[in-house]
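Below you'll find the structure, written out as structure tokens, and then a few comments.
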Amino acid sequence: MVRPNEEVEALLQEYADLIAITGGDAFKARAYEKAARAIGGYPADVSHLDVAGLREIPGVGRSIAEKVVEYFRTGRVTVVEETRARIPAGVRQLIAIPTLGPRKAMTVYEDLHISSVGELADAIRAEKLRDLKGFGEKTEANILHGIALMQQAGGRIPLSTAMESAEEIVAELSRIAGCEHCAYAGSLRRMRETVGDIDILVAADRSAPFMDALTELPSTAEVIAHGEKKTSIRTVKGVQVDLRVVRPDSWGAGMQYFTGSKAHNIRTRTIAVRLGLKLSEYGLFETEGGERVASRSEDEVYSRLGLPWIPPTLREDRGEIEAGLRGELPEVVTESDIRGDLHTHTDLTDGLAPLEEMVAAAAERGYAYYAVTDHAPNLYMQRMTDEKILAQREQVRSLDGRHHRMRLLHGTELNIDADGAVDWPDDFLQGFDICVASVHSHFNVGRRAMTRRIVRACENPHINVIGHPTTRLIGKRPGVDADLDEVFAACARTGTALEINAQPDRLDLGDEDILRARSHGAKFAVSTDAHSLLHLAYLRYGIGMAQRGWLTPEDVINTWPLARLRRFLRKDRAD
DNA sequence: GGGGGAGCCCCCTTCAATGATACCATTGA
């Protein structure tokens, strides 16, 4: 991720929100939103571009280009500052609440002077909102539910946000003289879908230079604690980072201890006790006499406990200790096992980059194959037509094998309607190499109907992958209500793969569901659902989920050679 | 505000669900 681009994206998005809240021209707000997205997904650093260079980016014209230049020259944009001065920051936070949009946010601000989520919740409890024009009891209940959903995340941050911050900090600290090792640990290393705080570990003889460096990073906003053993800071994005420096000979024990999980560590320490040993962040010691028996590497620590090294993504006390003791730990799938992405978009629908650029970027990643799966017509806002998708197919065929001999699959992402039917009839679907099918609408049809429609999609002989199967958005929308066991069984029975969608706000399926689906014998596709060049790299987060679900390459269809994949994609059709 | 075809103007993502309201505004995919 290019940091300056991210900053501009956030700034333009904020301005778009402010325009919407103040009731400004809706097209203007949309123009800023579009430009924000385009710059966020632009692969080159925009801070080096002049007005002419910026205007090369689709959706960026003279006015926005000049604002971007102003931002990099002065650190601020005058009109944005002026608008900010009129609307308290808390009002903008209100529109993050599901079911509360810009219009209603402005109403509660103007009529009740509410400018924070807390004040809003209080006003609802005092039944004050229901008297406002356009509000009622239902609206109150929905907003309260939305607030609860938001707070369920409990201040946890998305895996990808934590990862980007952590990798920057690790890179900075690694440059300091005397650094023998530096890495992130904790739930981030275990690749949990959200992360509470970032734990960073350094192995060095002297701790002070690292502790000082952390407090002085440009991204550090606040120092929470600053000591010899531990320093905690909060970044400008509000993420807490804990740094610990251990002696080099304690590196392995430190990483083992600070990676967790807590449940996993209770198990490892219990094993140690049974062996007459004591395990701490400093090492594995004899209980009697206190002699150190292992600490330098994680491998050494696990080995002394009679265990193989356990991948961090498995360390949740979900059977990995028992499997390790039996020598039956799975060889979990890794990023390098993946031979191709099976769910991606282009600017033919809502992607940012043209087909050629997406294909070239995929080839750069060393893929053997790559599927292009733009949206189908029933997602009306994307304006897909038969003609457009067929023209794209021609283009895909002409690019096939041209980049490092990477093979291209032409596909689509279909919409599963309320009855389980999809956008195109069988004879048209037959022309695709791969069909992903997803639920994009009618989320509240009830458990029976939801289960039935997804199962019916599985039974469609042309549908190969169920896209983002639960359709959850982390912190925003719970997964759909369906009998997932029935869905997973249908996938296994019909030869339909379940997607592990690697978009950081989806991570769908999640680890628990993957474990259940695997027990039904279902197969999986780890895909990025990329809407820009940069999204192709999200694969690592999907792999994290797959590992947490104990998947091996055998379980994941896009680790397979193309010939085997093609056989799978034919399902049991005779054509 | 951006973009395209003209020289300043016009168009720009559609549709369903929901809830408040009495026929419509808001939200989200």
Side-chain angles (χ1 to χ4, degrees), chain A residues 8 11-13 15-39 51 54-68 70 77 79-80 83 94-108 129-146 149 345 347-351 374-385 388 413-419 423 437-446 449 467-468 470-473 476-480 501 503 505-506 508 529 531:
Chain A
V8 174
L11 185 80
L12 296 178
Q13 181 60 52
Y15 193 49
D17 288 345
L18 293 174
I19 293 168
I21 292 168
T22 53
D25 180 10
F27 289 112
K28 186 169 160 181
R30 194 186 294 162
Y32 276 99
E33 239 166 48
K34 197 176 163 200
R37 224 167 77 83
I39 289 175
V51 169
L54 286 160
R55 291 188 67 180
E56 299 276 305
I57 302 170
V60 179
R62 171 164 305 282
S63 175
I64 290 179
E66 284 171 351
K67 289 184 179 72
V68 174
E70 181 189 352
V77 177
V79 286
V80 178
T83 320
L94 298 182
I95 69 172
I97 302 169
T99 74
L100 184 69
R103 315 301 319 201
K104 286 195 156 77
M106 193 56 180
T107 303
V108 298
L129 254 64
R130 59 186 60 182
D131 300 328
L132 299 178
K133 187 172 161 57
F135 288 71
E137 285 181 43
K138 273 281 194 183
T139 314
E140 284 185 343
N142 285 342
I143 294 174
L144 218 46
H145 183 243
L149 251 180
H345 296 273
D347 63 359
L348 184 62
T349 56
D350 58 351
D374 270 314
H375 288 290
N378 291 358
L379 202 62
Y380 300 98
M381 57 199 277
Q382 304 302 344
R383 299 183 148 187
M384 180 54 82
T385 63
K388 280 160 88 172
E413 183 184 11
L414 300 161
N415 305 287
I416 303 172
D417 76 12
D419 299 322
D423 308 65
S438 316
V439 169
H440 287 123
S441 61
H442 305 90
F443 298 114
N444 296 315
V445 293
H468 44 76
T470 78
T471 308
R472 70 165 174 178
L473 291 175
K476 285 210 187 86
R477 187 174 72 202
V480 295
N501 187 299
Q503 291 284 323
D505 59 345
R506 291 194 186 271
D508 183 10
D529 194 0
H531 285 69

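Below, all heavy atoms of this structure are taken into account, side chains as well, without hydrogens, waters or symmetry copies. Letters A, B, ... are given to chains in the order of the sequence lines, protein chains preceding strands, and every chain is numbered from 1.
The P atoms of dT21(B) and dT26(B) are separated by 12 Å, rounded to the nearest whole Å. With both ends at atom C1', the span from dG5(B) to dC12(B) equals 15 Å, rounded to whole Å. Spacing between dC8(B) and dG3(B) at atom C1', rounded to whole Å, works out to 14 Å. Taking the P atom of each, dC10(B) and dC15(B) are spaced 25 Å apart, rounded to whole Å. Rounded to whole Å, the C1' atom of dT18(B) lies 15 Å from the corresponding atom of dC23(B). The same atom, C1', is picked in dA22(B) and in dT13(B); the two are 30 Å apart, to the nearest Å.
Of the possible donor and acceptor atoms, none in the side chain of Asp423(A) sits under 3.5 Å from a partner among the backbone N and O of Leu414(A). No side-chain donor-acceptor contact under 3.5 Å links Lys133(A) to the backbone of Thr107(A). Formation of a donor-acceptor pair under 3.5 Å by the Arg130(A) side chain with backbone atoms of Glu140(A) is not found in this model.
In terms of position on DNA chain B, the residue among Glu140(A) and Ala105(A) whose nearest nucleotide sits closer to the 5' end is Glu140(A). When the nearest nucleotides of DNA chain B are assigned to Thr99(A) and Lys67(A) by heavy-atom distance, the more 5′-ward of the two goes with Lys67(A).
Across all strands shown, Ser63(A) has heavy atoms under 4.0 Å from sugar-phosphate atoms exclusively, and none from any base.
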Intra- and inter-strand pairs of DNA chain B in dot-bracket (Watson-Crick or G-U wobble, both distances under 3.5 Å; | for another strand): ((((....)))).((((((....))))))

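Looking at heavy atoms from C-beta onward, Lys476(A) lies out of side-chain contact with Leu149(A) at the 4.5 angstrom threshold. The shortest distance between side-chain heavy atoms of Arg472(A) and Arg506(A) does not fall below 4.5 Å. At least one side-chain heavy atom of His375(A) sits under 4.5 Å from a side-chain heavy atom of Asp350(A). Looking at Thr139(A) and Leu129(A), their side chains never come closer than 4.5 Å, going by heavy atoms from C-beta outward.
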Nucleic acid footprint by protein, nucleotides 10-19 of chain B - heavy-atom cut-off 4.0 Å, B for base, S for sugar-phosphate alone: --BBSSSS-S

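With dT27(B), dG1(B), dA29(B) as the candidates, the nucleotide lying closest to the side chain of Lys104(A) is dT27(B). Ranking dG1(B), dT21(B), dG28(B) by closeness to the Arg477(A) side chain, first place goes to dG28(B).
With rounding to whole Å, Asn415(A) atom CG is found 20 Å from dG28(B) atom P. For the pair Arg103(A) CZ and dG28(B) C1', the computed distance is 16 Å after rounding to whole Å. Remark: C1' of dG2(B) and CG of Leu12(A) are 13 Å apart, rounded to the nearest angstrom. We find that CG of Leu18(A) is positioned 14 Å from P of dG1(B), with the value rounded to whole Å. Rounded to whole angstrom, the span from the CD1 atom of Ile97(A) across to the P atom of dT26(B) amounts to 17 Å. For the pair Tyr32(A) OH and dG2(B) P, the interatomic distance rounds to 6 Å; values are reported in whole Å. Nucleotide dG28(B) holds its C1' atom 14 Å from the CG atom of Leu149(A), rounded to whole Å. The separation between His345(A) atom NE2 and dA29(B) atom P is 15 Å, rounded to whole Å.
Taking Asn142(A) as the reference, Thr99(A) meet the side-chain contact (heavy atoms from CB on, under 4.5 Å) condition, with sequence neighbours excluded.
Of the residues His440(A), Glu413(A), Met384(A), the one that meets the side chain to side chain contact (heavy atoms under 4.5 Å, CB included) test with Leu379(A) is His440(A).
Under the 4.0 Å criterion applied to side-chain N and carboxylate O atoms, Arg62(A) and Glu66(A) are assigned as salt-bridge partners.
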